Amino acid sequence: MPYWLMKSEPDEFSVTDLEKRETGRWDGVRNYQARNHLRAMQPDDLFLFYHSSCPIPGVAGIGRIVRGAYPDPTATDPQSPYFDPKTAGSGRNPWSAVDVAHVETFAQVLPLTALKAEPALAELALVQRGSRLSVMPVGEREWAQILRMARSSQAI
DNA sequence: GCCAACGTTGGC
DNA sequence: GCCAACGTTGGC
């Protein structure tokens, strides 16, 4: 089963927000590469919930896909901050959303700095120079490594 | 707030 | 189809 990582600004939508609501819709992705990853997701796939553009960027918890990709309604909703006029005018919606459920909130965020410092994670797309991709696959070995790191940082 | 890196747009 | 200009992402 594939694993994923998805970025969100915690001011907008954090792992604790997801925890409170239990489920949510992951929408607003407006990059084709990221969208293609969304479309590859299947129910029960797990993902790392990454907090970006915040005091401590890093992996904050785990979520699970509960519904595979479907047309992103925010693209055609003029009230949405993710409204895409081009999509709305075209009658065809190229953007995708998935539904997600909360699995776990880490006691502490596993910071990006720790991920970058770990040689076993050198291949991770997240730590590549200049990577801005907001939805990306995570290899099984990397997944296991990141969970180990998250667990051990909680034990401190 | 700065800036590097990247994606997108639009003139030609 | 090229490529400069612009906008966005996201760490620092």
Side-chain angles (χ1 to χ4, degrees), chain A residues 2-19 21 24-41 45-63 65 69-100 102-139 141-143 145-150 152-154 156:
Chain A
Y3 296 101
W4 309 96
L5 180 147
M6 299 206 281
K7 295 179 183 174
S8 177
E9 300 190 16
D11 288 349
E12 309 264 335
F13 185 55
S14 72
V15 71
T16 47
D17 293 333
L18 180 59
E19 182 168 16
R21 296 176 211 172
R25 185 177 67 209
W26 206 282
D27 54 27
V29 172
R30 296 293 179 268
N31 169 284
Y32 285 102
Q33 207 182 339
R35 181 211 66 180
N36 291 343
H37 290 314
L38 283 181
R39 290 186 175 180
M41 293 177 178
D45 284 0
L46 296 173
F47 67 95
L48 299 168
F49 198 125
Y50 181 89
H51 285 177
S52 66
S53 298
C54 56
I56 305 176
V59 178
I62 299 172
I65 307 302
Y70 57 94
D72 182 351
T74 66
T76 53
D77 174 8
Q79 307 303 321
S80 169
Y82 305 118
F83 177 62
D84 177 12
K86 219 163 57 173
T87 291
S90 75
R92 264 194 53 82
N93 186 350
W95 303 116
S96 298
V98 296
D99 289 347
V100 299
H102 180 266
V103 173
E104 179 177 345
T105 300
F106 295 157
Q108 302 168 249
V109 171
L110 175 59
L112 177 62
T113 51
L115 301 176
K116 283 182 169 171
E118 172 52 57
L121 298 178
E123 304 291 304
L124 195 67
L126 182 76
V127 304
Q128 300 312 308
R129 200 170 112 93
S131 166
R132 301 184 323 186
L133 199 57
S134 63
V135 181
M136 68 188 77
V138 175
R141 292 177 62 91
E142 282 107 350
W143 175 271
Q145 175 67 34
I146 290 167
L147 288 206
R148 266 197 301 278
M149 293 167 74
S152 63
S153 72
Q154 284 173 223
I156 297 173

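Only a predicted model underlies this, so the values are computations on that prediction, with no experimental measurement involved. Residue numbering restarts at 1 for every chain, and letters A, B, ... go by the order of the sequence lines.
Counting only N and O atoms by type, the side chains of A/Asp84 and A/Thr87 include a donor and acceptor under 3.5 Å apart.
The six-membered or imidazole ring of A/Trp95 lies near that of A/Tyr32, with a centre-to-centre distance under 6.0 Å.
A heavy-atom distance below 4.5 Å is not found between the side chains of A/Val29 and A/Asp72.
Residue pairs meeting the side chain to side chain donor-acceptor pair (under 3.5 Å) criterion with at least one member in residues 9-18 of chain A, sequence neighbours excluded, are A/Ser14-A/Thr16, A/Ser14-A/Asp17.
Atoms CZ (A/Arg129) and C1' (B/dC3) sit 12 Å apart, rounded to a whole Å.
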Seminar exercise, completed: 5' to 3', nucleotides 7-12 of chain C under a 4.0 Å protein heavy-atom cut-off (B base, S sugar-phosphate only, - none) gives BBBBSS
For this session: Could you walk me through whether A/Thr74 and A/Arg30 pass the side chain to side chain donor-acceptor pair (under 3.5 Å) test, one step at a time?
Result: CA-CA 11 Å; A/Thr74 66; A/Arg30 296 293 179 268; 2.9 Å; yes
